[in-house]
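Notes for the one structure printed next.
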Amino acid sequence: MHYGFLTIYWRDMIRFLRFKTLLISSLIQPALWMAFFGIAMSANFDRLGASIPPIPGVPEVQYLTYMAAGVIAMTVLFTSLFGGIVLLFDKNWGLMREIMASPLPRDQIIFGIALSGMTKSFIQVIIVMVFGLLIGVTFFAGYSIGHTVVALLGIMLFVGMFSIGFLFFSAAISISMETPEGLQGIITLLTMPIFFASNALYPVEAFPPVLQAISTVNPLSQLVNGVRYFAIGDNFTTMGIHYVYTTAEILLSFTILVIFAVAMFGVAWWRFKKAVVT
Amino acid sequence: MSTSIIEVKDLEHQYGDFKAVDGISFTVGKGEIFSFLGPNGAGKSTAINVLITLLKLQKGEASIAGYDVRTEPEKVRESIGIVFQEVTLDRDMTAWEILEFHGRLYGMTRSDRKERIQEILELVKLEEKKDTFVKKLSGGMKRRLEIGRGLMTRPIVLFLDEPTIGLDPQTRMRMWDYIKAVNEEGTTIFLTTHYMDEADNLSDRISIIDHGKIIASGKPWELKNALGQDLIYLETSDNSKTRAIISDLVSVSGVTDKGKGILITTNDDGTKVLPLLIEEIRNSGISVITVNLKKPSMDDVFVHFTGRELRDDKPEKISIAFGRR
Ligand SMILES: Nc1ncnc2c1ncn2[C@@H]1O[C@H](COP(=O)(O)OP(=O)(O)O)[C@@H](O)[C@H]1O
Ligand SMILES: [Mg+2]
């Protein structure tokens, strides 16, 4: 086993810790979503659900808690999509040449960037979750300490697998692009459909069929499923809609994320093999 | 195995339809300092990029330290150190971090890295700047750090692409001493430059490269000797008549027009030839207006082989240099 990816990881983490503005700015967006959209819409949606009689024995969660899972997923999506941009900067500043001319195998660059991007996602998820809990998100309600730990590990497993897939994708695009503007353009073009054609903010039941189909395979929906399953539970209602997650459904969601990550690694591997950096 | 460290045969490289390197062949011996001398756009960096495996070897053969550039790129990478033409240091890392990163990239062990970084920092006199961010280092310090980095893995060959570009004259001179010192420790050096004095001062052997082709190769003195022993510049009242008179003399190897006068290359010691020349010319009733005697410089060599002057400060050359990125 080659450990060269740790070199790439080490350097990227130095930069991340050195430039705290990056971390802080990446946290402002999720905080705003939760504080404004979440709390404001919570009042609306929860009133909507109030007209439907509760199902006995099934816990009812607030919209804020429901959408917090979506906001966490969105944060990971943004961070991961932009995770590869360091490669583009390195390329444009000529720093990539040192790496490309070294004996380090190219797949190690991909792994290193994926690992550091994943670490950044973990840090952000924890901060966003703590912030959510502070403003009234009821994650892990009624969980024992052991259950909470398992739930956290489950969430991180989903977050990790999801972010790796998008980091591979981001690395592939970054190594192929000439300018950060190009990458930004592609990312902006992609985030909107990925975000809105998912179950992050609202139930997909009300979507038109095509959108519903997209949402069902959308990796972001899989991550949201995983986070809700572990943080809220496998049986709850929100806005009058009854959610039940079976173990099989959750395993399927995770499998989709694994397939996505493997496919994206393939794309990244292909782009890196073709890349010429001088 | 022969003692040549770099062997290149009929190397070509094309960007689209444009041939940047057009069939070059040369060898570099163990322990040599070998230079590519040529103007901006001659194809020097392209040739280096092919040799260090950043660009694909399209046509021709090349081997470094016995490894084939085409089939054993990993082995080549392990055997070489590189200092690129443009600065390739992360401005937001410290000198120590730059070296640590490099050592890790090349798979050096922790204890090796620790020892070697110390040695390198001493060698390039940056011990005190160990924890300074690159953005706070001067141009010369950055270049020294890059050379140190290139040496960190004890390469068999060090590639230096325009090592003193953009440095002030004093720093350049110190850099030369430093390159010589590194070479004396046994590292073979391949450098490119568009400075005549640099090639002249540093190299054991030079290849003059222009438009992707090597147009002359040899030791600095050999190249200069191709121009004869000395150069004499004369302005007279009748230049064409002067040419006719002196071009048959045994001690004159060539005469060309230059500006308002003529340029004479000699076969013999110029200080002895010059009085004879002047006497001959005067005897023919022509008066001599200006005289200048000098040893041929690399600039003269360049003009001789390419038929044009090599100047760094011509606007069109600068636009070529910056036009690339
Ligand atoms: N990536 C590239 N694409 C197209 N042309 C290039 C590229 N790199 C260099 N060239 C051209 O190839 C020629 C040689 O460039 P280069 O090798 O950088 O010369 P030098 O290093 O001697 O200044 C120049 O005319 C330059 O414009
Ligand atoms: Mg160059």
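Everything numeric here is computed off the predicted structure, so don't read it as measured data. Here is how names work: the chains are called A, B, and so on, in the same order as the sequence lines, proteins then strands, and each is numbered from 1.
Contacts of F19(A) with chain B are made by side-chain atoms alone, with heavy-atom separations under 4.5 Å and no backbone atom involved. For a residue to count as touching a neighbouring chain, one of its non-hydrogen atoms must lie under 4.5 Å from one of that chain's; by this rule R91(B) does not touch chain A. Neither the backbone nor the side chain of V76(B) comes within contact range of chain A, judged by heavy atoms closer than 4.5 Å. Proximity to chain A (any heavy atom under 4.5 Å) is shown, for I80(B), by neither the backbone nor the side chain.
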Kindly list each side-chain donor-acceptor pair under 3.5 angstrom involving residues 133-142 of chain B, sequence neighbours excluded, with atom names and distances?
residue, atom, partner, partner atom, Å
K135(B), NZ, D92(B), OD1, 2.9
S138(B), OG, M141(B), N, 3.3

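Across all their heavy atoms, T7(A) and L105(B) have their closest contact at CG2-N, 3.8 Å. Nearest approach of W10(A) to E97(B), heavy atoms of both residues: CH2-O, 3.9 Å. Of all heavy-atom pairs between A101(A) and Y106(B), the closest is O-OH, 3.7 Å.
Of the listed residues I8(A), V276(A), L6(A), I14(A), the one with more heavy-atom pairs under 4.5 angstrom with chain B than any other is I14(A).
R97(A) contributes atom CZ, which lies 8.0 Å from atom CD1 of I52(B) (distance to the nearest 0.5 angstrom). Taken to the nearest 0.5 Å, the CE atom of M93(B) stands 5.5 Å off from the CZ atom of R11(A). Between atom CD1 of residue I99(A) and atom CZ of residue F101(B) there is a gap of 4.0 Å, rounded to the nearest 0.5 Å. Remark: R104(B) CZ to Y9(A) OH distance equals 11.5 Å, nearest 0.5 Å.
R15(A) has its side chain within reach of D90(B): a pair of non-hydrogen atoms, C-beta onward, lies under 4.5 Å apart. Annotation: side chain of E74(B) is not in contact with side chain of P103(A) (no heavy-atom distance under 4.5 Å). Considering only heavy atoms from C-beta on, W93(A) stays 4.5 Å or farther from E86(B) through its side chain.
For R77(B) (side chain) and S102(A) (main-chain N/O), a donor-acceptor pair under 3.5 Å exists by modelled atom type.
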